[in-house]
Participant: 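Would you mind keeping the following structure in view while I ask a few things?
Lettering of chains follows the sequences in order, A, B, ..., and the numbering in each one begins at 1. What's counted below: heavy atoms across the whole structure, side chains too, no hydrogens, waters or symmetry copies.
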Amino acid sequence: MVIQHKCNNCGADMIFNAETGMLYCESCGTNIDISQMNMEQQTQNTFNEFVSTASESTYDNDEATQYQCKNCGAVLITDNDTSATTCSFCGAAMILGDRLTGELAPTKVIPFTISKEQAQEAFKKWCKKGLLTPKGFMSANRIKSITGMYVPFWLFDLEGDGEYFSNCTKVRSYTQGDYRITETKHYDVYRHVNLHYNKIPVDASEKMDDLLMDKLEPFDYNNLQTFQTPYLSGYIAEKYNFTDEQLYPRVKQRTEEYMKDYVRDTMREYSSNTFVRQSVDIRPKNTYYTLLPVWMLCYNYEKNDYTFAMNGQTGKIVGKPPISKGKVFTLWGILGILLFVIVKVIAYLIGGVWL
Amino acid sequence: MRHYLKKKIYLLPAFLLLCFFLSFYCSTMIEGSTDVKRVYDYGDILSQEEEEQLEELSDSYYKKNKYNYLIVTTSTRQEYERELSSNLEYDCELYSEAFYADFIDTYGTSMQDCTILTIDISDNRYADVSGQENLKVKLDNNRCDLVFENIKSYLSDGDYGTACEKYMSYVNKYISFKPGVNPNLIIFKLWFQILLSFGISTIILIILVVNSGGKITTNSRTYLDQANSRLLGHHDHYIRTTTKRTKIERNNSSSGGGSSSGGGGSHGGGHF
């Protein structure tokens, strides 16, 4: 079952425009506000209807599924996780509705706000800023591919109730006659907190590197929309590989750390603190299956491919760039000499002599 | 004619400059020629050659900074009239002070900024480093001790010539520091300065390389629902206080010979 959004005016394929946040017809320039669109076009409650008309899904096994483009009739084979893509023959946006319905229906989406051109420009700028990247990497325009992708995330609302028992100390040091006296006051400190966390995102795609996705955060939730298929038009989208239940241990661990940080903040007046006992109860309140916008950039440098991810909403770029050993060494040397001069000046200020 | 004049005008500054250098040269010639004896080897532990070398060295230091670097050696401590002390270390300081008084008597108060290395090679085997007048502050008790520590091994080995030479160079080095600063602070050591600056540089570079791929910009407060989160209960019970006393190591050397008499200088030294 393939959904392709057609222009009401001319019948051409429409794609989502990141700059305006509307569906855009490249042929006649028509813009359609997604929030005003007919709800029936959504996929969420029309699964049965889709199944009855789903003749385009012609082939299915564990590895790949075959879809047929409504425009040109070409057969498109996708892997099992793809929920939106473009036809490799005519370039039409294809949304694979059967992967966005029932259990797989996303509840929320943050649409792209950075367009492909903006992403490309921002990435080039970022490359140039790299202090340690090789010169060729900075100047060359070697973006091999740039793909706008909706990555499946689970957003967790959680409530944590925790009791923490800690040994804290306050240290005071002073001199008395010929003695230096270090006075350590010991305290038995207890904190009971009830903390709520909203929408902690956890990457639900198997393909995406967890750390890379964590680094992409934070997303601005003010632009969190109720999911509608037109948002995916023109982008790649994936469906989740892990359920919220499967990801819960990961978010729980993260929340535990967050709670501990919060408690630590309440003990700032102490010089040291050691947790001796804690009982923490974390309960999930809500989970939202959400698609978040990520630009995936593949960059070729000296026959190696480097993958970068850009937050499609905020523009934050993450990914390991190549590091130039020469530059690292040069910078190390310059910095070292600079610091050496500073140390010399400090020594001079203390001793009154250049040594 | 005009050309000739022009040339002359150019020559004038050159001539003035020449005069300036010439006068400077002459003045140093005159000062250098003042015949001041600065090495007194009563203990006869320096060879004639060493003595001459030390005199020359001391004279060159004097020309540089107008400080007298004096050396006196004794085996009897009886060369100068003075009050005696049963405390041999203090007696050595008194001897040094008496020697200084005699030196001033001989050469006048214009030569009063002195540093003195007194080597007592009697059974006492004690060396005293002292600073007088302006050098009392620049070469305080602590620095006197440091000079002694640096030359102690040469004295023990009986290499008095080298010890005297090193004494002068260390004094010269230490008096250039701001008063009261310990010249042995680690920050003044070249190896430490290099290690520190390149160590910090290494750390910065490691951070830069690690962060080149972007860093995590969320923290524990990013997703916290401030409105609904709260501290439900807390207590902070004081249990006990532990106190640690550590004695502050002060450099209490055998110094202070002059401090009681007011007119004396700074001292530092020890047995070798």
Side-chain angles (χ1 to χ4, degrees), chain A residues 130-133 168 175 178-200 212 214-218 257-262 265-266 316-321 323 328 331-333 335-340 342-344 346-347 350-353 355, chain B residues 173-179 181-183 185 187-190 192-202 204-206 208-209 212-250:
Chain A
L131 265 175
L132 304 174
T133 46
C168 295
T175 51
D178 275 355
Y179 290 92
R180 174 167 303 282
I181 297 172
T182 314
E183 199 181 82
T184 312
K185 284 185 173 169
H186 298 262
Y187 293 85
D188 160 31
V189 176
Y190 162 79
R191 296 284 183 267
H192 182 193
V193 291
N194 179 259
L195 304 175
H196 294 254
Y197 292 93
N198 286 344
K199 300 191 180 67
I200 300 180
L212 202 69
D214 285 352
K215 281 179 177 175
L216 275 180
E217 293 173 35
E257 283 306 312
Y258 282 175
M259 288 179 70
K260 227 175 181 177
D261 268 0
Y262 183 93
D265 263 5
T266 67
K316 184 183 179 187
I317 299 169
V318 299
K320 273 263 158 258
I323 300 289
V328 169
L331 197 68
W332 177 79
L335 208 65
I337 291 167
L338 217 73
L339 285 165
F340 181 68
I342 293 170
V343 170
K344 279 276 181 205
I346 292 171
I350 296 172
V353 61
L355 269 179
Chain B
K173 183 179 161 191
Y174 289 170
I175 59 174
S176 57
F177 285 88
K178 270 185 196 168
V181 176
N182 180 358
L185 283 182
I187 185 96
F188 300 128
K189 304 267 187 279
L190 185 68
F192 176 77
Q193 293 172 344
I194 293 172
L195 207 75
L196 184 72
S197 32
F198 284 87
I200 295 172
S201 176
T202 308
I204 292 174
L205 260 293
I206 288 172
L208 274 181
V209 169
S212 66
K215 53 187 175 209
I216 289 178
T217 46
T218 53
N219 57 43
S220 60
R221 305 231 159 212
T222 311
Y223 301 106
L224 182 69
D225 179 5
Q226 303 266 10
N228 292 314
S229 299
R230 65 191 140 263
L231 192 64
L232 294 177
H234 65 100
H235 70 233
D236 298 65
H237 292 316
Y238 166 73
I239 309 171
R240 64 181 188 278
T241 301
T242 52
T243 316
K244 211 174 95 188
R245 289 159 66 91
T246 40
K247 195 163 167 51
I248 300 166
E249 286 300 323
R250 291 202 202 281

Participant: Can you tell which of A:Asn198, A:Val318, A:Ile323 has the highest number of heavy-atom pairs within less than 4.5 Å of chain B?
Facilitator: A:Asn198
Participant: Find the one option among A:Asp265, A:Ile346, A:Ile350, A:Thr266 whose heavy-atom pairs under 4.5 Å with chain B are most numerous.
Facilitator: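 Highest number of pairs under 4.5 Å: A:Ile350.
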Participant: Within a strict 4.5 Å, meaning less than it, do heavy atoms of the B:Thr217 and A:Pro218 side chains meet?
Facilitator: yes
Participant: Can you name the nearest heavy-atom pair linking B:Ser212 to A:Lys320, along with the distance?
Facilitator: OG-NZ, 3.5 Å
Participant: Quick check on B:Asn219 against chain A: is it the side chain, the backbone, both or neither that has a heavy atom closer than 4.5 Å?
Facilitator: backbone
Participant: Would you say the side chain of B:Thr222 lies within less than 4.5 Å of the side chain of A:Glu217, judging by non-hydrogen atoms?
Facilitator: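 A side-chain contact is absent here, since even the closest heavy-atom pair is not under 4.5 Å.
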Participant: Going by heavy atoms in the side chains, are A:Leu132 and B:Leu208 under 4.5 Å from each other?
Facilitator: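 The answer is yes; the side chains approach within 4.5 Å.
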Participant: With a 4.5 angstrom heavy-atom cut-off, which part of A:Ile337 approaches chain B: side chain, backbone, both or neither?
Facilitator: both
Participant: Can you tell me how far NE2 of B:His237 sits from OH of A:Tyr187, rounded to the nearest 0.5 angstrom?
Facilitator: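 Between A:Tyr187 OH and B:His237 NE2, I get 12.5 Å after rounding to 0.5 Å.
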Participant: Would you mind telling me which of A:Leu195, A:Asn194, A:Ile181 has the largest number of heavy-atom pairs within less than 4.5 Å of chain B?
Facilitator: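 Ranked by heavy-atom pairs under 4.5 Å with chain B, first place is A:Asn194.
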Participant: Below 4.5 Å, heavy-atom pairs only: which of B:Arg230, B:Lys178, B:Arg221 has the largest tally toward chain A?
Facilitator: B:Lys178
Participant: Do other residues, nucleotides or ligands put more than 12 heavy atoms under 6.0 Å from the NZ atom of B:Lys189?
Facilitator: yes
Participant: Under a 4.5 Å heavy-atom cutoff, which of B:Leu231, B:Val181, B:Leu224 has the most pairs with chain A?
Facilitator: B:Leu224
Participant: With side chain to side chain contact (heavy atoms under 4.5 Å, CB included) as the criterion, how do B:Ile204 and A:Leu335 come out once you've worked through the C-alpha distance, each side chain's angles and the decisive distance to 0.1 Å?
Facilitator: CA-CA 9 Å; B:Ile204 292 174; A:Leu335 208 65; 3.6 Å; yes
Participant: When the ring planes of A:Tyr258 and B:Tyr223 are compared, do they come out parallel, tilted or perpendicular, using 30° and 60° as the limits?
Facilitator: parallel
Participant: To the closest 0.5 Å, what do you measure between CG (B:Asp225) and NE2 (A:His196)?
Facilitator: 7.0 Å
Participant: Under 4.5 Å from any heavy atom of chain A, what part of B:Lys215 do you find: side chain, backbone, both or neither?
Facilitator: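 Interface part for B:Lys215: backbone (N, CA, C, O).
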Participant: Mind checking the CD1-NZ spacing from B:Ile194 to A:Lys344? Nearest 0.5 Å is all I need.
Facilitator: 8.0 Å
Participant: Which residues satisfy the side-chain contact (heavy atoms from CB on, under 4.5 Å) test with B:Leu196, sequence neighbours excluded?
Facilitator: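 In terms of side-chain contact (heavy atoms from CB on, under 4.5 Å), with neighbours along the sequence ignored, B:Leu196 is linked to A:Val343, B:Phe192, B:Ile200.
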Participant: What salt bridge (charged side-chain N to carboxylate O under 4.0 Å, His left out) pairs are there with at least one residue in residues 180-198 of chain A, not counting sequence neighbours?
Facilitator: A:Arg172-A:Glu183, A:Arg191-B:Asp236
Participant: Minimum heavy-atom separation for B:Gln193 to A:Ala347, with atom names?
Facilitator: NE2-CB, 3.6 Å
Participant: Of the listed residues (B:Ile216, B:Thr202, B:Leu205, B:Asn228), which shares the most heavy-atom pairs with chain A below a 4.5 Å separation?
Facilitator: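 That would be B:Leu205.
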Participant: Between B:Gly214, B:Ser176, B:Gly233, B:Pro179, which shows the greatest number of heavy-atom pairs under 4.5 Å with chain A?
Facilitator: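 Result: the option with the highest number of such pairs is B:Gly233.
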Participant: Report which part of A:Lys316 has an atom under 4.5 Å of a heavy atom belonging to chain B: side chain, backbone, both, or neither.
Facilitator: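 For A:Lys316, side-chain heavy atoms alone lie under 4.5 Å from chain B.
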Participant: Applying side chain to side chain contact (heavy atoms under 4.5 Å, CB included), run through B:Phe198 and A:Leu339 and close with a yes or a no.
Facilitator: CA-CA 7 Å; B:Phe198 284 87; A:Leu339 285 165; over 6 Å; no
Participant: How close do A:Gly336 and B:Ser201 get, counting heavy atoms only, and between which atoms?
Facilitator: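 Between these two residues, the closest heavy atoms are N-OG, 3.5 Å.
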